[in-house]
**Q** 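Sending over a structure as structure tokens; questions will come in a sec.
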Amino acid sequence: MNPSYGRDLDLNLLRVFAVVADTGSVTAAAGRLYLTQPAVSAALRRLATAVGAPLFVRRGRGLALTGRGERLRATLVPHLQAIVDAALSEPQWNPATSERTLRLGLSDTAEFWLLPALLRALAPEAPRMRLIAVPVQFRTIAAALAGGLDAAVTVADDLPATVRRQALYCGGFVCLFDPRHTRLRRTLTTEDYFALDHVIVSYNGDLRGIVEDVVQRSRKVRCSVSTFANLGALLDGNALVATVPTNIAAYIRETRPHLVTRPLPFAIEGTPTELVWPSSTDDDDACRFVRGKIVEVARSASSKPRRA
């Protein structure tokens, strides 16, 4: 043991000293410490004796630090809160008992395929953890992370250097439809495709989507919606087609297996969906744990066989 630990100094006296130095008053410090005024005064006398110098002088109705007191305060205060935090913090983070609440930013596609599987993955190991899902997209992700998100799953453009990012998957697009109302050949031509009535997802709230941006040709859009959430219901029973990411088509077909996909007659390169998070959470055990589960879910989802 360090010899200095055995010296005649009650470390509780340092806590009393810090509060008196902060308040400038024995009375106020006593109230904050839940001690009597005589007990606080006695603690200050004991500390002055231990350090061999007076630490306070009377100034009006309060107390002011001496030069020795100022030096002690300057050395003590930066370390005192860290000592208290270290003493009160749980010795090791345990997912089985953790009640942490994490805020996750999810694009509408990510919420569709990721959130149910992530909750299933967390349930056995971290049954008391809670998630708050916040909608994000590539235009809002940087501001959302700066606003306090613990992580996000979305397509992202340029992000600040303080944001970490990891690619989860990069998929293509397919044409999804109800074959009971729309008859399509196995191999679509470009003219076949543009002759169809379409439902699209537009984050701008207009009649343009990724096809218009890439192919530079307008579709016959009958309906434009802001998310993929109800796309399956819109296609089911209607003579409409939708151009959707391959993984979203697969998840829609899990509950509506009668819907069918066809390859697009032109190439659209998918943009990588990424897991992004503030670098400040790199060493946060709970955040690391959930990020690991997100990666596991994404790998499992990308390895599933897809039906035509």
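In this chain, numbering begins with 1 at the start of the sequence shown.
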**Q** Do M129 and V290 have side chains that approach each other closer than 4.5 Å (heavy atoms only, starting at C-beta)?
**A** yes
**Q** Parallel, tilted or perpendicular: which describes the rings of Y193 and F266, with under 30° parallel and over 60° perpendicular?
**A** perpendicular
**Q** Quick check: is L11 connected to L76 through a chain of hydrophobic side chains (ILVMFWY, heavy atoms under 4.5 Å apart)?
**A** yes
**Q** Answer yes or no: are there more than 12 heavy-atom neighbours, outside D213 itself, under 6.0 Å from its atom CG?
**A** yes
**Q** Only distances under 3.5 Å count here; give the side-chain donor-acceptor pairs of residues 104-113 to other protein atoms, sequence neighbours excluded, each with its distance to 0.1 Å.
**A**
residue : atom : partner : partner atom : Å
S107    : OG   : T109    : OG1          : 3.1
S107    : OG   : A110    : N            : 3.1
D108    : OD1  : Y203    : OH           : 2.6
D108    : OD2  : F228    : N            : 2.8
W113    : NE1  : T109    : O            : 3.4
W113    : NE1  : Y169    : OH           : 3.1

**Q** If two hydrophobic side chains count as joined below 4.5 Å and joins carry through other members, does F138 share a cluster with V134?
**A** no
**Q** Do you know which two heavy atoms are closest between A142 and P160, and how far apart they sit?
**A** CB-CD, 4.4 Å
**Q** How many angstroms lie between CG in N247 and OG1 in T273, if you round to the nearest 0.5 Å?
**A** 7.0 Å
**Q** In Å, rounded to the nearest 0.5 Å, how long is the span from OG of S98 to CD of E125?
**A** 12.5 Å
**Q** Quick check on R46: does its CZ atom have over 12 non-hydrogen neighbours (other residues, nucleotides or ligands) under 6.0 Å away?
**A** no
**Q** What's the verdict on side-chain contact (heavy atoms from CB on, under 4.5 Å) for T261 and R253, showing C-alpha distance, side-chain angles and the deciding distance?
**A** CA-CA 9 Å; T261 63; R253 294 182 66 200; 4.0 Å; yes
**Q** Would you say the side chain of D192 lies within less than 4.5 Å of the side chain of L184, judging by non-hydrogen atoms?
**A** no
**Q** Would you say that F177 contacts V260 through its side chain, given a criterion of any heavy-atom pair below 4.5 Å between the two side chains?
**A** yes
**Q** Could you tell me the separation between the CZ atom of R164 and the OG atom of S279, rounded to the nearest 0.5 Å?
**A** 4.5 Å
**Q** Hey, is the main chain of D282 close enough, under 3.5 Å, to the side chain of R288 for a donor-acceptor pair?
**A** yes
**Q** Donor-acceptor pair, T255 side chain versus I252 backbone, under 3.5 Å?
**A** yes
**Q** Indicate yes or no: at least one non-hydrogen side-chain atom of N238 is less than 4.5 angstrom from one of D178.
**A** no
**Q** Just do the side-chain contact (heavy atoms from CB on, under 4.5 Å) check on V295 and L168 with the steps written out, would you?
**A** CA-CA 7 Å; V295 172; L168 293 178; 4.1 Å; yes
**Q** Considering all heavy atoms of both residues, which atom of L240 and which atom of L235 are nearest to each other, and what is their separation?
**A** O-CD2, 3.5 Å
**Q** Linking I/L/V/M/F/W/Y whenever any side-chain heavy atoms sit under 4.5 Å apart, do L65 and L13 land together?
**A** yes
**Q** Closer than 3.5 angstrom, by distance alone: can the side chain of T246 be matched with the main-chain N or O of G172 as a donor-acceptor pair?
**A** yes
**Q** Can R217 and E191 be counted as an ion pair, charged N to O under 4.0 angstrom?
**A** yes
**Q** With rounding to the nearest 0.5 Å, note down the distance linking CG in L149 to CD1 in I141.
**A** 6.0 Å
**Q** Strictly below 4.0 Å, N to O, side chains only: are E296 and K293 in salt-bridge contact?
**A** yes
**Q** When you measure from the side chain of T23 to the backbone of V19, do you find a donor-acceptor pair of N or O atoms at a distance under 3.5 Å?
**A** yes
**Q** Strictly distance-based, threshold 3.5 Å: is any side-chain N or O of K220 a donor or acceptor partner for the main-chain N or O of F194?
**A** no
**Q** Counting only N and O atoms by type, is there a donor-acceptor contact under 3.5 Å from the side chain of R262 to the main-chain atoms of R185?
**A** yes
**Q** Going through the distances and angles, do Q92 and D285 end up as a side-chain contact (heavy atoms from CB on, under 4.5 Å)?
**A** CA-CA 9 Å; Q92 184 175 5; D285 289 334; 5.9 Å; no
**Q** Any link between I210 and V215 through a network of hydrophobic side chains (Ile, Leu, Val, Met, Phe, Trp, Tyr) touching at under 4.5 Å?
**A** yes
**Q** Can you give me the closest heavy-atom contact between V221 and S224, atom names plus distance?
**A** CG1-N, 4.4 Å
**Q** Looking only at side-chain N and O atoms, does R139 offer a donor or acceptor that is under 3.5 Å from a partner on N204?
**A** yes
**Q** At their closest point, which heavy atom of A239 faces which heavy atom of H181, and how far apart are they?
**A** CB-O, 3.6 Å
**Q** Got L176 and L231 here, is their nearest side-chain heavy-atom distance under 4.5 Å?
**A** no
**Q** With clusters defined by side-chain heavy atoms of hydrophobic residues (ILVMFWY) lying less than 4.5 Å apart, directly or transitively, does L14 cluster with L35?
**A** yes
**Q** Tell me, do R32 and D22 make a side-chain contact under 4.5 Å, heavy atoms counted?
**A** yes
**Q** Would a 4.5 Å heavy-atom cut-off, applied to side chains only, mark R291 and Q166 as touching?
**A** no
**Q** Apply side-chain contact (heavy atoms from CB on, under 4.5 Å) to the pair S202 and L207, showing each step before the final yes or no.
**A** CA-CA 7 Å; S202 170; L207 298 176; over 6 Å; no
**Q** Are there over 12 heavy-atom neighbours, none belonging to N230, within less than 6.0 Å of that residue's CG?
**A** no
**Q** Does a donor on one side chain and an acceptor on the other come within less than 3.5 Å for D284 and W93?
**A** no
**Q** As an exercise, state the distance from CZ of R120 to CG of L115, rounded to the nearest 0.5 Å.
**A** 10.0 Å
**Q** Rounded to the nearest 0.5 Å, how far apart are CZ of F56 and CD of E70?
**A** 9.5 Å
**Q** Treating Q37 as the side-chain partner and V26 as the backbone partner, does any N or O pair qualify as donor plus acceptor under 3.5 Å?
**A** no
**Q** Under a 4.5 Å cut-off applied to non-hydrogen side-chain atoms, are T162 and S280 in contact?
**A** no
**Q** Do the side chains of R103 and D150 get close enough for a salt bridge, i.e. N-O under 4.0 angstrom?
**A** no
**Q** How close do F173 and P245 get, heavy atom to heavy atom, and via which atoms?
**A** CD2-N, 3.6 Å
**Q** Looking at R130 and E99, would you say the former's side chain and the latter's main chain have a donor-acceptor pair under 3.5 Å?
**A** yes
**Q** So which heavy atom on V297 is nearest to which on A121, and how close?
**A** CG2-CB, 4.2 Å
